[in-house]
Structures are given as C-alpha cells and as structure tokens.
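The structure displayed is predicted, hence computed values, not measured ones.
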Amino acid sequence: MPRSKIAGIGYYVPEKVVTNFDLMRYMDTSDEWIQERSGIVERRYAKRFEETTSVLGAKAARIAIERAGITPEEVDFIIFATLSPDYFFPGCGVLMQRELGITKTEIGALDVRNQCSGFIYALTVGDQFIRSGMYKNILVVGAEVHSMGLDFSTRGRNVTVLFGDGAGAVVLQPTEEEGKGILTSRLHSDGTYAEELAMINPGAHSGYHLRKLGLDADLGYDENQEFGGLFVTQKMLDEGKLFPTMNGQLVFKTAVVKFIEVINEVLQDQGYSPSDIDLFIPHQANLRISQFVQKKLRLSDDQVWNNIQRYGNTTAATIPIALAEAWEAGKVKEGDLLCFAAFGSGFTWGATLIRW
Ligand code: UT7
C-alpha cells in the first residue's frame, strides 16, 4: 500500500495587517492584554469584496500545485477545511475549483467542517484516499476569512482579538519510498462540549440542544409561525447572537491535556518519543497553549514552529501556513520527522506524524 507524501505546499495571507492597537479603536482591549494572554501582536484581514475564503484558498493552492510539479487540471480530489465558508452551501471546495479554472468534472470536492482541527481531519481523509489508490493528486486546503463575521464590539472581544485570515494548502501524492510520508494520524471528538466554542446561529437547531442543556433557548422564535423563520430572527440580529462564542478557560484547560495525549498516541504508535521530533507544528490557537505543550514534551525552541504572533489564529489554516513558512525557511529537510497537532471546537482534536 502506498503512503501519502506532501508533494507541494503553499500559503497566502492577506496584505492588510491589523495590530492590537488597531482593534483598540473598536473595543475595550489593550495590546498588553492580548499579548500577555495569547502572544498575538497582529493578524491579517482579507480585502473586503475581493478576498473570500475560497479565493484565499485558491491563492495558496496555486503555489502548492506548482511546487508539486502538476497543473490544476491534474488535481483529482479537493478537500477544503474551513469554518468561515463563502456560502452556507455549496461548500468552498467547488468554489475554489472554479476559481482555479478546473473545468474537468472527473474530480471530487469535499468540505470538512472541523474548525481548528479541520486541517488534520482533511489531511487524514486525503491520506486514506491515497492509500486506497483511489486518487493520485489530492489538494488539501485550510482557509479562513474570520474578519468578515466577528463581533467588533467589546462584547465580542474575547473571541475577536484572537482570530485572523489566511490560507494554506498541500498536494498529497502516493509514494513508495521506504519509511517516507504520512506515518500515522489519530482523530478524536467529544460532542459533550459542542456549545463551548461555537457559532450556533444561523442554523436549523431551533433551540433544541440549548433546551436539552438547560440553556437560554429564547432566540426570538415566532411560536405562531407554522414553517420557516428559525435560521435568523430579529432577536439574533438585535442581541448579537450571530457571532462565535467561546468558554476560553475551558477550551484552554482541555486543549493542553488533549494536545499532549494525542501527540503521545501518534509517537507511541510509531515507536518514537518527543525527542525524535525534528519539527512540531501545533495548531496556532494561543502561544501560551503551544508553550505549555512544548514544555511538557521537553521540546527545544528549535523543534517548534510558532507564527501566531504575526497571524493570530487562522483556524483550519494555521498548520498549513506554518508548514509552508517553515519549509520556505529551510526548517523542513529530507528525512525529518514532523508532528502536527490540533484541538478546537467540537471538541475535536488530532495529530499526524510525517517522515519528510
Ligand atoms: O483555536 C480555537 C481554540 N481556542 C482556544 O484555544 C482559546 C483558548 N482560550 C484562551 O486562549 C484564553 O482563555 C483567552 C485568551 C481567550 C482568554 O484568556 P483568559 O486568561 O482565559 O481570560 P478570561 O476569559 O478568563 O477573561 C479574563 C478577563 C475578563 O474580565 P473580568 O471578568 O476578569 O473582569 C474578561 O472580560 O479578561 C477580560 N477580557 C478582555 N480584556 C481585554 C476578555 N477578553 C478581553 C480582551 N481585552 N480582548
């Protein structure tokens, strides 16, 4: 059975830099608070009316495709991970296909909705299709445009200051090279905490889960209306309930435990220990989370790639952006052992081990 190798990588971040000081013009926050709690100094925001999630994805994808030595027409499967899609439906996969000018229809396009762990999930799905022999050139993209939908009032500050826009892409191809490629992956989920980091509206939930959990389910639904009217209500608009919300402390505490567990799982599966890792690329959720994990695993600064300081949390895009940056900086060399790990909304989490 062939393994999957990453044959090409690329990333794109929008030009517009938004500093913590810029955000202070919109909400009650400070550069000191943001840096101290998250390590973030600045992030990028997409150009309004021009740069959508699928457009950013296509920009990163073009670079990955070229570096893989193929043309867009040779891609036979697209996997697009995002939580900020252009449309409710159809997904960003088909929109990016069109943006890339891929007109052939002998291609599949799949959207993955696993938020912060979206890239690990997407990569793992792609890996299975390569191993089964079904596809030969799989484009895996993680992209987000958060800036168009966040709450820029003080009410949303605990979420808004953390997120940024960007995209990363890889091309997966089969390899028969002994010991090379994606060695193993582990995926996890626990729906118990679905609402702890979520954007529940607009949606078809009609308050069902909230009522079951004993939470406030009064979203201004019209009890007399027979059909429709549940996705968006005036109350949601008036009370700012169309934004993401997060129980930051719970997410932080759970993340640090699950990161370490899942990294150890993939390492043990292959008979390695943390010291064998040449480069660890954690999902960029919070610099403090990455530093905690680094310390627990006794990794040196040289073994870890962080860029959240410059881009914030770009959710599904953090790992492929960081990988592409590290590769461009000469930090990813032939034969290196790489480890990716992510944790986030769902909760979902996972890790992947690759021999480059
Ligand atoms: O990739 C997605 C996964 N997400 C994460 O991994 C995020 C994990 N969680 C975190 O990174 C942290 O919990 C945060 C950075 C989000 C927050 O840090 P914290 O130390 O947990 O702060 P907190 O939520 O407990 O809030 C402390 C205080 C509160 O004020 P009071 O109640 O103590 O007066 C907040 O209202 O900080 C306040 N606060 C802010 N102040 C200034 C919250 N956000 C801000 C802000 N600027 N942006």
Side-chain angles (χ1 to χ4, degrees), residues 1-12 60-71 74-77 79 119-120 122-131 133 135-142 167-186 262-284 290 293-294 297-307 317-342 350-356:
M1 208 194 287
R3 282 207 177 114
S4 319
K5 68 167 184 189
I6 293 182
I9 29 182
Y11 79 99
Y12 174 80
R62 279 190 200 100
I63 299 166
I65 288 169
E66 198 188 323
R67 285 178 177 163
I70 59 168
T71 64
E74 287 175 84
V75 171
D76 45 22
F77 196 60
I79 310 179
F119 185 75
I120 303 267
L123 196 67
T124 307
V125 170
D127 181 33
Q128 299 310 306
F129 276 125
I130 294 281
R131 282 175 188 250
Y135 295 118
K136 299 269 177 290
N137 289 301
I138 302 185
L139 179 57
V140 182
V141 173
V170 304
V171 172
L172 288 181
Q173 288 177 350
T175 177
E176 300 285 352
E177 254 192 289
E178 192 60 32
K180 294 275 181 73
I182 297 180
L183 305 178
T184 191
S185 297
R186 284 288 184 283
V262 75
I263 292 163
N264 280 326
E265 272 180 59
V266 289
L267 287 171
Q268 279 161 18
D269 181 75
Q270 295 294 307
Y272 292 120
S273 63
S275 60
D276 294 314
I277 297 174
D278 293 297
L279 193 64
F280 170 51
I281 300 184
H283 163 55
Q284 305 287 297
S290 299
V293 173
Q294 175 180 343
L297 296 176
R298 297 172 196 264
L299 299 173
S300 67
D301 288 348
D302 206 42
Q303 284 171 286
V304 186
W305 190 272
N306 283 306
N307 61 13
T318 68
I319 292 175
I321 292 176
L323 172 65
E325 263 196 355
W327 181 82
E328 287 177 11
K331 281 286 294 176
V332 181
K333 298 176 292 298
E334 182 89 22
D336 278 356
L337 186 68
L338 269 62
C339 181
F340 309 151
T352 296
L353 210 55
I354 300 187
R355 179 67 70 186
W356 201 260

query = Is the closest side-chain heavy-atom distance between Leu172 and Lys5 below 4.5 Å?
reply = no
ask   = Rounded to the nearest 0.5 Å, how far apart are CG of Leu323 and CD1 of Ile6?
value = 5.5 Å
Euclidean distance, Trp327 CH2 relative to Asp336 CG, rounded to 0.5 Å = 13.5 Å
Crowding at CD, Gln128 (>12 non-hydrogen neighbours, <6.0 Å) = yes
task = Locate the shortest heavy-atom distance separating Pro274 from Leu297; write the atom from each residue and the value.
result = CB-O, 3.5 Å
query = Going by the angle between their ring planes, with limits at 30° and 60°, are Phe129 and Tyr135 parallel, tilted or perpendicular?
reply = perpendicular
message = When you measure from the side chain of Asp278 to the backbone of Leu338, do you find a donor-acceptor pair of N or O atoms at a distance under 3.5 Å?
response = no
query = So do Val332 and Leu279 actually touch side chain to side chain, heavy atoms under 4.5 Å?
reply = yes
message = Under 3.5 Å, is there a donor on one side chain and an acceptor on the other for Gln173 and Asn137?
response = yes
ask   = Looking at Arg355 and Glu334, does any basic side-chain N land under 4.0 Å from a carboxylate oxygen?
value = no
query = What is the minimum heavy-atom distance between Gly350 and Ile120, and which atoms define it?
reply = C-CG2, 3.8 Å
inquiry  = Regarding Asp301 and Gln294, do their side chains bring together a donor and an acceptor under 3.5 Å, going by distance alone?
reply    = yes
note = Nearest heavy-atom contact between Ala60 and Tyr11 is CB-CA, 3.8 Å
query = Are Glu325 and Trp305 linked by a side-chain donor-acceptor pair shorter than 3.5 Å?
reply = yes
task = Could you please spell out the steps behind the side-chain contact (heavy atoms from CB on, under 4.5 Å) verdict for Leu337 and Trp356?
result = CA-CA 6 Å; Leu337 186 68; Trp356 201 260; over 6 Å; no
ask   = Is the shortest heavy-atom distance from the side chain of Leu267 to the side chain of Asp269 under 4.5 Å?
value = no
query = Side chains of Val141 and Ile79: closer than 4.5 Å at any heavy-atom pair?
reply = no
query = For Val266 and Ala351, which heavy atoms make the closest approach, and how far apart are they?
reply = CG1-O, 3.6 Å
ask   = Atom CD1 of Ile65 and atom CD1 of Ile9: how far apart are they, to the nearest 0.5 Å?
value = 14.0 Å
Spacing of Cys339 atom SG and Tyr272 atom OH [to the nearest 0.5 Å] = 12.0 Å
key: Stepwise side-chain contact (heavy atoms from CB on, under 4.5 Å) test for Val293 and Phe280   = CA-CA 10 Å; Val293 173; Phe280 170 51; 3.9 Å; yes
task = Of all the heavy-atom pairs spanning Ala64 and Gly10, show the shortest one and how long it is.
result = CB-N, 3.7 Å
message = Would you compute the distance between atom CE of Met1 and atom CD of Glu176 and round it to the nearest 0.5 angstrom?
response = 11.0 Å
inquiry  = Any non-hydrogen side-chain atom of Arg131 less than 4.5 Å from a side-chain atom of Arg3?
reply    = yes
inquiry  = Measuring from atom OG of Ser275 to atom CG of Leu299, what distance do you get when rounded to the nearest 0.5 angstrom?
reply    = 8.5 Å
ask   = Can you tell me if Thr318 uses its side chain to pair, donor with acceptor, with the backbone of Gln284 under 3.5 Å?
value = yes
inquiry  = Minimum heavy-atom separation for His283 and Ser290, please, with both atom names.
reply    = O-OG, 4.2 Å
Val171 and Ile138, any side-chain heavy atoms less than 4.5 Å apart = no
request  = Look at the side chain of Glu74 and the backbone N and O of Thr71, then say whether any donor-acceptor pair between them is shorter than 3.5 Å.
outcome  = yes
